Amino acid sequence: MRIATWNVNSLKVRLPHLLDWLARQQPDAVCIQETKVEDAKFPREAIESAGYRVAFSGQKTYNGVAIIAKNEPEDVRAGIPGFDDEHKRVIAATVQGVRLVCAYVPNGQTVDSDKYRYKLRWLAAFEAWLGAELHSHPELAVLGDYNIAPADEDVHDPAAWKDLVLCSAPERAAFQRLLGLGFKDSFRLLTQAERSYTWWDYRMMAFRRKMGMRIDHILLSQQLATRCGACLIDIEPRKLERPSDHAPVVAELAD
DNA sequence: ATGGCTATGTAGCATAGA
């Protein structure tokens with residue numbers, strides 16, 4: 001089973017890239033973030049015509065998440081239970097017996113902002129919920145844009161980013177607590193090239209200069225981690241005209 | 001390298017992203 005995550009930064013703009021990518025990579029399930037589309041305008045037909053089924057939770061302008069899968073997503077749930085959040089940042093579904101959580105973690109803006117405090121509160125609620133989910137779904141994968149670079153090796157210039165948002169100690173501690181629930185960072189299960197990133201700023205020719213961050217992740221429960229044979233970042237879509245600033249991340253799970 | 005792109009909503013810029 002091939003599962004993936006991709007922050008598309010507008011599903012409307014990136015639909016051609018997504019459809020091309022689905023055709024080429026043939027993933028079984030893709031978790032999409034930043035669809036920026038309300039549910040009534042979700043491009044269901046185009047995706048279903050490509051042989052995929054959809055589950056989505058969106059809003060106008062900001063946020064928005066979706067799960068796209070070859071098999072119908074089952075037991076679809078949106079949001080973090082008990083956490084009142086007007087942002088559409090989470091959708092979960094079961095595909096081929098695997099529970100998938102698609103998450104768009106708040107960005108946090110700056111470490112002294114209200115948005116940062118919201119990010120940490122959000123992550124605490126996320127952690128509490130995932131701990132419970134892990135018990136009811138031993139085959140659990142949490143895919144998404146975490147907006148956290150877990151370690152200095154995930155940052156092109158750790159000194160410049162030290163203690164800034166995406167890299168601050170409280171955010172990294174929150175990420176480690178997620179792992180502590182019993183998840184593995186699938187990308188680090190295997191040896192990877194240096195300077196492997198999933199996001200590059202649109203400005204400053206950051207992609208060409210390999211100035212990026214690894215902030216999109218696929219966390220796997222222990223049971224799924226034992227099945228994981230590969231995890232890769234596909235930088236090809238980032239090279240296209242009008243790309244998303246994020247690259248897709250793909251994990252392969254043995255049957 | 002200092003918000004330098006990009007997308008959205010909306011009608012000339014404001015907000016957000018990371």
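No experiment lies behind these values; they were computed from the predicted model shown. So that the names make sense, note that chain A is the first sequence line, chain B the second, and so on, each numbered from 1.
Look at CD on A:E38: it is 15 Å from C1' on B:dA7, rounded to the nearest Å. In this entry the distance linking CD of A:Q33 with P of B:dG17 reads 14 Å, nearest Å. In this entry the distance linking CD1 of A:I215 with P of B:dG17 reads 12 Å, nearest Å. Distance, A:Y62 OH to B:dT6 P: 18 Å, rounded to whole Å. Here the P atom of nucleotide B:dA7 and the CD atom of A:E241 are 11 Å apart, to the nearest Å. When the P atom of B:dG17 is taken as reference, atom CG of A:N9 falls 11 Å away, rounded to whole Å. Atom pair A:R209:CZ and B:dC5:C1' shows a separation of 14 Å (rounding to whole Å applied). What separates NZ of A:K88 from C1' of B:dA16 is a distance of 19 Å, to the nearest Å.
Which of B:dA7, B:dA16, B:dG17 sits closest to the side chain of A:R89 comes down to B:dG17. Of the candidates B:dT8, B:dA16, B:dG4, the closest approach to any side-chain atom of A:R203 belongs to B:dG4. Distance from the side chain of A:Y104 is smallest to B:dG17 among B:dC5, B:dT8, B:dG17. Comparing atom distances between the A:M204 side chain and each of B:dT8, B:dG4, B:dG17 picks out B:dG4 as nearest.
At the phosphate of B:dA16, neither OP1 nor OP2 sits under 4.0 Å from any side-chain N or O atom of A:T61. A:K60 has no side-chain polar atom (N or O) that falls below the 4.0 Å cut-off from OP1 or OP2 of B:dG9. In this model, the phosphate group of B:dT6 is not approached by any side-chain N or O of A:R14 to a distance below 4.0 Å at OP1 or OP2.
Two residues, A:M213 and A:T35, neighbour DNA chain B, and the one matched to the more 5' nucleotide by heavy-atom proximity is A:T35.
A donor-acceptor pair is defined here as one N or O able to donate and one able to accept, closer than 3.5 Å; no such pair exists between the side chain of A:R99 and the backbone of A:H137. Without hydrogens or angle criteria, A:S49 side chain to A:E45 main chain gives a donor-acceptor distance under 3.5 Å.
Counting any heavy atom pair closer than 4.0 Å across all strands shown, A:V165 reaches no nucleic acid atom. Residue contacts shown for A:H246 are limited to sugar-phosphate atoms, with no base heavy atom under 4.0 Å away. In this structure, A:D157 reaches neither bases nor backbone, as no heavy-atom distance under 4.0 Å exists between it and the strands shown. Within the nucleic acid shown, A:L164 has no heavy atom closer than 4.0 Å to any nucleic acid atom. Residue A:D245 is classed as having no contact, given no heavy-atom separation below 4.0 Å to the nucleic acid.
Atom NZ of A:K184 has 12 or fewer heavy atoms from other residues, nucleotides or ligands within 6.0 Å.
Aromatic ring orientation, A:W200 versus A:Y197: perpendicular (interplanar angle above 60°, classes split at 30° and 60°).
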- Can A:H217 and A:F183 be said to form a ring pair (Phe, Tyr, Trp, His ring centres under 6.0 Å), step by step? CA-CA 11 Å; A:H217 310 295; A:F183 290 101; over 10 Å; no
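Comparing the P positions of B:dT15 and B:dG4 gives an interatomic distance of 15 Å, to the nearest angstrom.
Within the shown strands, B:dA7 is the pairing partner of B:dT15 under the Watson-Crick or G-U definition, both distances less than 3.5 Å.
Two residues are said to be in side-chain contact when any heavy atoms from C-beta on lie closer than 4.5 Å; A:H246 and A:I215 meet this criterion.
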